[in-house]
**Student:** 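Before I ask anything, let me first share the structure, which is written out below as structure tokens.
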Amino acid sequence: GAAAGVYQQARALVGAFVVDKASQRKAILWGHELQRAHGDLVTEMLALARSPVLRQVEGYLARMMDILGSIDLMAVCGHGGDSLVGRLFQGINSRIDTPGELVQAQAELEQLLALMGGALAPLLDLKDRLLRLSGSMEGTAAQVEASAIGALFLSERLRQDDAALAQCFVERSMSLTQTLAQMRQAGSTQELQIEQPIRLIGAIQNVALVVMPAFIGSIASIATLSASKTTISPTEAGELAYRLRDIISQLKP
């Protein structure tokens, strides 16, 4: 049930094996380097998945969503929270509902955008490294499968002449098959590890660096108009609030 290329590799392995020089040592070491290489690849993949740049960008996005989710544009524009109780508690709640608070939020959003822009290149490098590593793991998996098939063939070939040696190849085939099963089970985890930087890159490129600058410009205009006592219509405020909700939905994982 293996792929044709795997059987070709298995035939090449068996063809290069000199039966007259067979020994238990050679049988025990059959495919051993591939298993060690697999372990090294897993260790490297885990190290990349723990890259600090992932945690940093996730933190930037989380903070950006916290700020955006706290902005009450209708209230900032004077179209909400006009009750006496609302006015009394402005400034001590968790909402951004005054022009002054909006100016502070704008400054932090600009800082977050700058940090995200600086993290884009490291994220792209990380994504490329993960993709190359995934390709190496796929190639190693094919070699492991070929080695398992070759070991099983040799065990049958040597069974009549050297039962002990044949048993060594049986054990190697079983061990390599177990390694292959582990590699296939880890496939979904590897896909998630690769998807993580790709998702963050998309959030930075498509939202943070494209949509957000224009939105920040809009809220800066609100602060300027509020300072000059110019009224913003409910329709204009509502349109901005809609854009804000759309940005938040795009940033959500």
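By convention here, the first residue in the shown sequence is residue 1. Values in this document were obtained by computation on a predicted structure and should not be read as measured data.
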**Student:** Should L251 and V211 be counted in the same cluster of Ile, Leu, Val, Met, Phe, Trp and Tyr side chains packed under 4.5 Å apart?
**Tutor:**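 Yes, it is one cluster - the side chains of L251 and V211 are joined through contacts under 4.5 Å.
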**Student:** Do you reckon Y242 sits in the same ILVMFWY cluster as I71, going by side-chain contacts under 4.5 Å, direct or chained?
**Tutor:**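 No, Y242 does not connect to I71 through the hydrophobic network.
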**Student:** Quick one about Q178 and Q182 (side-chain donor to acceptor, distance below 3.5 Å, no hydrogens or angles considered), yes or no?
**Tutor:**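 Q178 and Q182 do not have a side-chain donor-acceptor pair below 3.5 Å.
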**Student:** I need the I149 CD1 to Y7 OH distance, nearest 0.5 Å.
**Tutor:**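 With rounding to 0.5 Å, CD1 (I149) is 4.5 Å from OH (Y7).
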**Student:** In sequence, state the C-alpha distance, the side-chain angles, and the governing distance for T98 and V76, and then conclude on side-chain contact (heavy atoms from CB on, under 4.5 Å).
**Tutor:** CA-CA 5 Å; T98 67; V76 171; 5.8 Å; no
**Student:** Of all residues at least two apart in sequence or in a different chain, which pass the side-chain hydrogen bond (donor to acceptor under 3.5 Å, both in side chains) check with S70?
**Tutor:**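 Expected list: none.
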**Student:** Distance from S249 atom OG to K252 atom NZ, nearest 0.5 Å?
**Tutor:**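 Answer rounded to 0.5 Å: 7.0 Å.
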**Student:** Checking F17 now: which residues fulfil ring-ring contact (aromatic ring centres under 6.0 Å, His included) with it, not counting sequence neighbours?
**Tutor:**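 In terms of ring-ring contact (aromatic ring centres under 6.0 Å, His included), with neighbours along the sequence ignored, F17 is linked to W30, F169.
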**Student:** Using the rule side-chain contact (heavy atoms from CB on, under 4.5 Å), only one of L73, L240, L244 pairs with S218; which is it?
**Tutor:**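 Checked L73, L240, L244 against S218; only one passes side-chain contact (heavy atoms from CB on, under 4.5 Å): L240.
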**Student:** In the single-linkage hydrophobic clustering (I, L, V, M, F, W, Y; side-chain heavy atoms under 4.5 Å), do L180 and V42 co-cluster?
**Tutor:**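 Per the 4.5 Å side-chain linkage, L180 and V42 are not co-clustered.
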**Student:** Determine whether L130 and M45 satisfy the following criterion, side-chain contact (heavy atoms from CB on, under 4.5 Å), listing intermediate values before the conclusion.
**Tutor:** CA-CA 7 Å; L130 284 168; M45 179 72 82; 3.3 Å; yes
**Student:** Regarding Q167 and S155, do their side chains bring together a donor and an acceptor under 3.5 Å, going by distance alone?
**Tutor:**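 Looking only at side-chain atoms, S155 and Q167 do not form any donor-acceptor pair under 3.5 Å.
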**Student:** State, to 0.1 Å, how close R95 and E101 come at their nearest heavy-atom pair, and which atoms those are.
**Tutor:**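 Heavy atoms only, the tightest pair is O-OE1, 3.2 Å.
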**Student:** Check whether more than 12 heavy atoms from other residues, nucleotides or ligands sit under 6.0 Å from atom CZ of R25, and answer yes or no.
**Tutor:**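 Count not over threshold, so no.
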**Student:** Heavy-atom distance under 4.5 Å between the side chains of Q143 and L13, does that happen here?
**Tutor:**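 When only atoms from C-beta onward are counted, L13 and Q143 do not touch, as no gap falls below 4.5 Å.
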**Student:** Can you confirm whether F153 is buried at CZ, in the sense that more than 12 heavy atoms of other residues, nucleotides or ligands lie under 6.0 Å from that atom?
**Tutor:**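 At most 12 heavy atoms, drawn from other residues, nucleotides or ligands, come within 6.0 Å of this atom.
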**Student:** Might you confirm whether atom CZ of R129 has over 12 heavy atoms from other residues, nucleotides or ligands at distances under 6.0 Å?
**Tutor:**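 No, the 6.0 Å shell around CZ holds no more than 12 heavy atoms from other groups.
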**Student:** Give me the atom names and distance for the closest heavy-atom approach of M65 to I248.
**Tutor:**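 M65 and I248 have their closest heavy atoms at CE-O, 4.1 Å.
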**Student:** Rounded at 0.5 Å granularity, tell me how far CG in L34 sits from NE2 in H38.
**Tutor:**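 These two atoms lie 11.0 Å from each other.
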**Student:** Under a 4.5 Å side-chain heavy-atom rule over Ile, Leu, Val, Met, Phe, Trp and Tyr, are V103 and I96 clustered together?
**Tutor:**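 No; I96 is not reachable from V103 via cluster members.
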**Student:** With the side chain counted from C-beta on, respond yes when V57 and L120 share a heavy-atom pair under 4.5 Å apart, and no when they do not.
**Tutor:**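 Contact flag for V57/L120 side chains = no.
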**Student:** Less than 3.5 Å apart, which donor and acceptor atoms pair up between the side chains of residues 183-195 and the rest of the protein, not counting sequence neighbours?
**Tutor:**
residue	atom	partner	partner atom	Å
R184	NH2	E145	OE1	3.2
R184	NH2	E145	OE2	3.4

**Student:** At their closest point, which heavy atom of P234 faces which heavy atom of M74, and how far apart are they?
**Tutor:**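 Result for this residue pair: O-CE, 4.1 Å.
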**Student:** Does T177 reach the main-chain N or O of S173 with its side chain, forming a donor-acceptor pair under 3.5 Å?
**Tutor:**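 Confirmed, T177 side chain pairs with S173 backbone.
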**Student:** Quick check for you: to the nearest 0.5 Å, what is the distance between I28 atom CD1 and C168 atom SG?
**Tutor:**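 Rounded to the nearest 0.5 Å, the CD1-SG separation comes out at 5.0 Å.
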**Student:** Can you tell me how far apart CG (L48) and OG (S134) are? Round to the nearest 0.5 Å.
**Tutor:**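 The distance works out to 11.5 Å.
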**Student:** Would you mind reporting whether F215 and L68 have side-chain heavy atoms less than 4.5 Å apart?
**Tutor:**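 Heavy-atom side-chain distance check passes, below 4.5 Å.
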**Student:** Closer than 3.5 angstrom, by distance alone: can the side chain of N206 be matched with the main-chain N or O of G202 as a donor-acceptor pair?
**Tutor:**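 Between the backbone of G202 and the side chain of N206 there is a qualifying donor-acceptor contact (under 3.5 Å).
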**Student:** Which atom pair, heavy atoms only, marks the closest approach of A27 to L165?
**Tutor:**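 Taking A27 first and L165 second, the nearest heavy atoms are CB-CD1, 3.7 Å.
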**Student:** Counting C-beta onward and ignoring hydrogens, is there a side-chain heavy-atom pair between E236 and S233 closer than 4.5 Å?
**Tutor:**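 Yes, their side chains come closer than 4.5 Å.
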**Student:** Which heavy atom of S175 sits nearest a heavy atom of Q35, and at what distance?
**Tutor:**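 Taking S175 first and Q35 second, the nearest heavy atoms are OG-NE2, 3.0 Å.
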**Student:** Between M116 and M212, is any pair of side-chain heavy atoms under 4.5 Å apart?
**Tutor:**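 No, every pair of side-chain atoms sits at 4.5 Å or beyond.
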**Student:** I would like to know whether L154 and R159 meet side-chain contact (heavy atoms from CB on, under 4.5 Å); could you show each step before the answer?
**Tutor:** CA-CA 8 Å; L154 289 173; R159 189 173 303 280; over 6 Å; no
**Student:** Closer than 4.0 angstrom, basic N to acidic O: yes or no for E108 and R63?
**Tutor:**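 Salt bridge present between E108 and R63.
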**Student:** Give the cluster check for V53 versus L131: same hydrophobic cluster or not, with ILVMFWY residues linked at side-chain heavy-atom distances below 4.5 Å.
**Tutor:**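 Same cluster.
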**Student:** Between CE of M174 and OG1 of T179, what distance do you get to the nearest 0.5 Å?
**Tutor:**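 Between M174 CE and T179 OG1, I get 12.0 Å after rounding to 0.5 Å.
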**Student:** Locate the shortest heavy-atom distance separating V144 from L176; write the atom from each residue and the value.
**Tutor:**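 Here V144 and L176 meet closest at CG1-O, 3.3 Å.
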